[in-house]
Amino acid sequence: MTPDEVREMAEAGVPAPDASGPTRRPPREAIAEAHVRAPTRGNRRLESFIDAVNGDDQVRGWWYMAQVNAERLGMSDHSWVHMQIVLNISLRLLRLLVKAGVEPAMVADHGMRDRDAEVVVAGGALLHDVGMSIHRADHEEYSLFLAQSALDRLLAGAYRQPERTVVETEILHSIIGHRRRGEPYTVEAGVVRVADALDMAQGRTRIPIETGHEGIHSISAAAIDEVRISAGEDHPVRIEIQLNNSAGIFQVDDLLATKIRGTPLEGKVEVIAEIEGETEKRLLSGFRLA
């Protein structure tokens with residue numbers, strides 16, 4: 001990672017998912033540790049929004065239930081840890097794009113500020129998977145109506161009407177845009193979509209692997225050691241992915257590349273994936289189809 005990334009992630013206090021298995025605590029105890037952080041760089045509206053999310057037991061309850069369903073399905077981490085990582089990656093991507101002269105929709109379409117775009121990507125990052133609390137299938141649509149029910153109160157301390165409605169709907173657009181065929185129209189929605197795919201390093205798949213859920217998603221995620229995001233020379237954003245096994249190409253090509261293609265980020269992001277070392281790490285213990 002670049003020094004800036006190390007510093008930002010350290011400030012965010014991002015922990016690794018708990019590999020000990022499903023949590024067996026009452027909901028009140030389970031949500032107590034859910035507290036997201038990100039480098040706000042003096043953006044008071046972003047600070048207000050994050051504070052509101054951290055103080056909202058309903059949102060934190062959705063995160064808890066999203067992880068419960070992920071564990072039921074043997075899936076990778078969908079807890080508040082995933083939300084925090086996507087939040088930090090989203091802000092990192094957006095700030096690199098803005099620094100390179102890319103205008104987010106909040107500026108280009110609404111005459112507002114880059115800092116308002118940061119609130120939009122934060123909302124998308126923190127609420128994009130809350131629909132997992134209901135069901136995996138069509139969870140993006142469920143995320144829409146759950147998020148819509150909460151956004152007015154979460155943004156009340158930062159925006160008045162009609163600006164609040166504009167920010168709310170742009171957040172909702174970024175939520176629905178993160179699905180596989182989401183077709184995001186805005187830079188902000190594209191950022192959330194790509195950031196979600198970039199939470200791909202092996203820490204996120206530790207629980208499925210250790211509980212014996214060996215499939216292409218868990219194996220390919222375990223093949224990724226590190227993701228580095230920096231300013232590129234020929235593109236606003238350069239993403240370097242360090243692999244320990246060629247299985248990780250599934251994450252890069254089928255998931256990440258699909259999330260970039262056809263979005264406002266296409267042509268603005270350079271992706272480089274490399275396997276370091278002469279030998280590949282063994283990830284699959286065996287496979288049997290009965």
Side-chain angles (χ1 to χ4, degrees), residues 36-38 40 43-56 58-63 66 78 80 82-95 97-98 102-134 138-179 182-199 259 263-265:
V36 297
R37 297 169 61 191
T40 58
N43 184 342
R44 293 188 178 182
R45 284 177 167 171
L46 179 59
E47 291 170 359
S48 172
F49 177 71
I50 292 176
D51 286 345
V53 169
N54 282 327
D56 196 291
Q58 186 175 51
V59 172
R60 298 195 298 167
W62 289 333
W63 292 342
H78 279 75
W80 67 274
H82 170 59
M83 310 307 167
Q84 175 162 269
I85 292 172
V86 176
L87 168 64
N88 279 270
I89 293 175
S90 292
L91 291 172
R92 175 74 169 155
L93 291 173
L94 180 65
R95 287 165 179 168
L97 290 165
V98 168
V102 177
E103 277 196 337
M106 295 305 292
V107 176
D109 295 341
H110 306 302
M112 296 174 73
R113 302 178 62 195
D114 297 336
R115 293 194 162 203
D116 299 304
E118 292 183 357
V119 177
V120 171
V121 300
L126 295 176
L127 298 172
H128 74 283
D129 271 345
V130 294
M132 271 282 293
S133 64
I134 299 174
D138 300 321
H139 73 279
E140 301 93 347
E141 285 86 350
Y142 301 142
S143 294
L144 279 182
F145 72 73
L146 292 181
Q148 191 276 332
S149 71
L151 278 169
D152 199 60
R153 68 174 182 267
L154 296 174
L155 292 167
Y159 293 96
R160 296 180 179 179
Q161 294 293 5
E163 288 79 12
R164 191 190 309 165
T165 292
V166 171
V167 175
E168 286 177 5
T169 51
E170 292 289 13
I171 290 173
L172 294 174
H173 175 68
S174 72
I175 290 172
I176 198 63
H178 95 276
R179 63 183 173 178
E183 300 180 359
Y185 305 152
T186 67
V187 169
E188 292 91 326
V191 161
V192 173
R193 179 179 173 87
V194 173
D196 181 39
L198 284 173
D199 184 15
K259 294 272 187 164
T263 76
L265 269 64

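None of these values were measured; they are calculated from a predicted model.
In this structure the side chain of R115 never reaches within 4.5 angstrom of the side chain of T40, judged on heavy atoms. With contacts defined as side-chain heavy-atom distances shorter than 4.5 Å, the pair L265/L97 qualifies. Side chains of V192 and D196 form no contact here, defined as non-hydrogen atoms less than 4.5 Å apart. Counting heavy atoms from C-beta on, the side chains of V98 and V107 never come closer than 4.5 Å. At a threshold of 4.5 Å between non-hydrogen side-chain atoms, the residues E170 and M112 do not count as touching. Taking the side chain as every heavy atom from C-beta outward, I176 and E141 approach each other to under 4.5 Å. For the pair D116/Y159, a side-chain contact is recorded, criterion being any heavy-atom separation below 4.5 Å from C-beta on. For the pair W80 and Q84, the minimum side-chain heavy-atom distance is below 4.5 Å.
Of the inter-residue distances, the one linking D51 atom CG with L46 atom CG reads 9.5 Å to the nearest 0.5 angstrom. Atoms NE2 and CG, on H82 and D129 in that order, are 4.5 Å from each other to the nearest 0.5 Å. Rounding to the nearest 0.5 Å gives a distance of 10.0 Å between CG of N54 and CZ of F49. Taken to the nearest 0.5 Å, the CD1 atom of I85 stands 4.5 Å off from the CG atom of D199. Here the straight-line distance linking atom CE of M83 with atom NE2 of H128 works out to 5.5 Å at 0.5 Å rounding. To the nearest 0.5 Å, the span separating CZ on R193 from CD1 on I175 amounts to 14.5 Å.
Of the residues L126, L151, V121, the one that meets the side chain to side chain contact (heavy atoms under 4.5 Å, CB included) test with I171 is L151.
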task: Starting from the C-alpha separation in whole Å, work towards a yes-or-no answer on side-chain contact (heavy atoms from CB on, under 4.5 Å) for D138 and R179.
output: CA-CA 9 Å; D138 300 321; R179 63 183 173 178; over 6 Å; no
field: L154 vs V59, side-chain contact (heavy atoms from CB on, under 4.5 Å): CA-CA, chis, key distance, verdict
entry: CA-CA 10 Å; L154 296 174; V59 172; 4.1 Å; yes
task: Could you please spell out the steps behind the side-chain contact (heavy atoms from CB on, under 4.5 Å) verdict for D56 and W62?
output: CA-CA 10 Å; D56 196 291; W62 289 333; over 6 Å; no
query: How far apart are the C-alpha atoms of T186 and V120, what are their side-chain angles, what is the distance that settles it, and do they pass the side-chain contact (heavy atoms from CB on, under 4.5 Å) test?
result: CA-CA 11 Å; T186 67; V120 171; over 6 Å; no
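The two residues L172 and Q148 make their nearest non-hydrogen contact at CD2-N, 3.9 Å. Residues G177 and P184 approach most closely at O-CD, 3.8 Å, considering heavy atoms. When every heavy atom of A108 is checked against every heavy atom of E103, the shortest pair comes out as CB-OE1, 3.6 Å. Looking at every heavy atom in both residues, A158 comes nearest to R45 through O-NE, 3.2 Å. Between P104 and V187, the closest heavy-atom pair is CA-CB, 4.1 Å. Taking each heavy atom of A38 and I50 in turn, the nearest pair found is CB-CD1, 4.2 Å.
Of the N and O atoms on the side chains of E188 and S174, not one donor lies less than 3.5 Å from an acceptor on the other residue.
Atom CD of E183 sits in a sparse spot, with 12 or fewer heavy atoms from other residues, nucleotides or ligands closer than 6.0 Å. In the displayed structure, R153 atom CZ is contacted under 6.0 Å by more than 12 heavy atoms of other residues, nucleotides or ligands.
A side-chain donor-acceptor contact under 3.5 Å links T169 to the backbone of T165.
Proximity of the aromatic rings of H178 and H139 is defined here by a centroid distance below 6.0 angstrom, and this criterion is met.
One finds a salt bridge joining R95 and E118 here, because a Lys/Arg side-chain nitrogen approaches an Asp/Glu carboxylate oxygen to under 4.0 Å.
Between F145 and Y142, the ring planes are perpendicular. Angles over 60° get that label, and only those under 30° would be called parallel.
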